[in-house]
Protein chains: 2
Amino acid sequence: MSDWLPALGQAPRRVLSDNVLDELRAVIVSGGIEAGQRLRENELASQMRVSRGPVREALVRLEQEGLVVLERHRGARVVVLSRDDREKLYRLRRALEELAGEYACANATEADFDRANAVVEEFVRSEDSTRTPAAAADFDIRFHDSIYVAAHNDPLYRAWTVLRSQVHYFMTTRMMLRPDYNETWEREHMRLLELLRERKKSPCRKFIGLHVEGSFRRILLDQLPDDSAHPAEVAHDSR
Amino acid sequence: MSDWLPALGQAPRRVLSDNVLDELRAVIVSGGIEAGQRLRENELASQMRVSRGPVREALVRLEQEGLVVLERHRGARVVVLSRDDREKLYRLRRALEELAGEYACANATEADFDRANAVVEEFVRSEDSTRTPAAAADFDIRFHDSIYVAAHNDPLYRAWTVLRSQVHYFMTTRMMLRPDYNETWEREHMRLLELLRERKKSPCRKFIGLHVEGSFRRILLDQLPDDSAHPAEVAHDSR
DNA sequence: ATATTGTAAACCGTCAACGGAATGCAACTC
DNA sequence: GAGTTGCATTCCGTTGACGGTTTACAATAT
């Protein structure tokens, strides 16, 4: 076997359902579809110029990610997260991410840190005008995802996968960009990277706990006290 | 609307892929298929007398549960868990279950406790001769699942779903039934139920942490020091 | 004999059509 | 007129077939 070639990474082996999945997820987490709205297989399929097969597969995966709720013979709806769900979500996220921090301290490589750092730098370089809530949420998810990757912990990453899209969705739809958002974001995430590089588990865990809780509180406090912002709910079909 | 009927629970609305999923999961977690073995869609479909559609859907769900690994154009294999994976799995399970205990203290109803208790009683009533590793693992999973149910925490339950089958699989394939297994199992789980009924979060968290860690250690210590028990691994197709 | 290339079979991804369940609306009853 | 029942439409679950990728094997060259 000859391996003298300049390490060309393996060719991407994507299939239609992968694209459908990515497209649907992107649209939903960016707030492009109202919560509770029905997702008709035929509609999605014809709109994306594919058959219903790949769409069905993507919907099953989206259900696993918690973005979509499937009911037998009744079709799919975009998930509706109650305030209670969101609190539980963040409490769980905190527990997972504290663990991720510890594992990252133990297992992260320089390449891992570089990838995480690249996200921060891309955020800093990005134009102010592009800083919509959706864009900011994207950056945040990408950074924290890179921490889970750096943990090199498969079961943990799979658990994060179950929360990630819901967190992303939640952030996009409820984030308010305060004036000090950019500065705070940059500072906290760079500090976290420093702590990880020092590979001291306990301080990492504490910082991450505070960071996750803080971001949740910031998002919540900018909002109305209850769910009155979501008056539509499920209700009768709104086509 | 008349609702005078004696509360007959909603009819089960199952479809073929549900049955395929349950059947496949049951076979895999009971150790009926070797780790790393290929799962051919055609083979499964014809054996279960369904078309490939429901099989494909079940396989996607099994991948989400971590029991199966899908590779594009290459098909599905039963997952192979390394010792490292198993350690990470149990560390994560511990974190989740500690959380579940706290939430169960806050949210569990009497009906929840009854259901959990029913599992313990069924275990006690069961014949000694039926206590195979697979049967014991079933009981254990059922009990702990009822704790997660009692927590009334959807995101947490979904995270548990991602681990449950792997834990189940792990327990079945590696458990040794020591002479004192029955007594220990009964005692520890009844004690846990007591603590939950007292609704004191901190003692619950501590007990659950020790319980999960203890069961992991018991399983591991009865085994060989490394993975030499799994010599097959992936390797070339063994049909 | 070893390594490489060509070839055929096996298998997966996708599609389109069929049958059945669910939903909404109209007709009907009381 | 309020509530119920029947009906038609819509949509989902399932199937079988087709095309492309992968894998295993045989043929060829070195």
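Below, chains carry the letters A, B, ... as their sequence lines are ordered, and counting in each starts from 1. Bear in mind the structure is a predicted one, so any value in this text is a computation, not a measurement.
Under 4.0 Å is where a charged nitrogen must lie from a carboxylate oxygen, and between R52(B) and E43(B) no such pair does. With respect to the salt-bridge test (charged N to carboxylate O, under 4.0 angstrom), the residues E41(A) and R56(A) qualify. Under a 4.0 Å N-O distance rule, the pair K88(A)/D85(A) does not qualify as a salt bridge. Between E87(A) and R83(A) there is a salt bridge, since at least one side-chain N of the basic residue sits less than 4.0 Å from a carboxylate O of the acidic one. Using a 4.0 Å cut-off between charged side-chain N and carboxylate O, E98(B) and R94(B) make a salt bridge.
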Quick one: the dot-bracket string of DNA chain C, using Watson-Crick and G-U wobble pairs with both distances under 3.5 Å, [ ] for crossing pairs and | for bases paired to another strand.
||||||||||||||||||||||||||||||
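The stretch residues 13-23 of chain B comes close to DNA chain D through V15(B), L16(B), S17(B), each having a heavy atom under 4.0 Å from the strand. Within residues 45-57 of chain A, the residues that have a heavy atom under 4.0 Å from DNA chain C are, in order of number, V50(A), S51(A), R52(A), P54(A). Listed in residue order, the members of residues 60-67 of chain B having a heavy atom less than 4.0 Å from DNA chain D come to none.
Relative to the six-membered ring of F123(B), R131(B) meets both conditions, a distance below 6.0 Å and an angle of at most 45° to the axis.
For the atom pair CG of L16(A) and OG of S51(A), the computed distance is 8.0 Å after rounding to the nearest 0.5 Å. The CG atom of D145(A) sits 10.5 Å away from atom NE2 of H168(A), with the distance rounded to the nearest 0.5 Å.
Residue N42(B) is the one, among R74(A) and N42(B), whose nearest nucleotide of DNA chain C lies closer to the 5' end (criterion: closest heavy atom).
For A111(A), the side-chain contact (heavy atoms from CB on, under 4.5 Å) partners are T109(A), R115(A), not counting sequence neighbours.
Regarding R38(A), its CZ atom lies at a distance of 8 Å from the P atom of dT23(C), rounded to whole Å. In this structure, E41(B) places its CD atom 6 Å from C1' of dC12(C), rounding to the nearest Å. A straight line from CZ of R72(B) to P of dG20(D) spans 19 Å, rounded to a whole angstrom. Distance CG (L70(B)) to P (dC11(C)): 16 Å, rounded to an integer number of Å.
Aromatic pair Y103(B)/Y148(B): centroids not less than 6.0 angstrom apart.
Each of dC11(D), dA22(C), dT22(D) was ranked by its minimum atom distance to the side chain of R40(A); first place goes to dC11(D). Comparing atom distances between the H73(A) side chain and each of dC11(D), dG13(C), dA22(C) picks out dA22(C) as nearest.
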Give every donor-acceptor pair under 3.5 Å between a side-chain atom in residues 68-75 of chain B and any protein atom, sequence neighbours left out.
from	atom 1	to	atom 2	distance (Å)
R72(B)	NH1	D18(A)	OD1	2.9
R72(B)	NH1	D18(A)	OD2	3.4
R72(B)	NH2	E57(A)	OE2	3.3

Would R61(A) and E63(B) count as a salt bridge (charged side-chain N to carboxylate O under 4.0 Å, His left out) here? Give the steps.
CA-CA 10 Å; R61(A) 295 197 137 99; E63(B) 183 192 34; 2.6 Å; yes
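Within a 6.0 Å radius of CD in E127(A), no more than 12 heavy atoms belonging to other residues, nucleotides or ligands are found.
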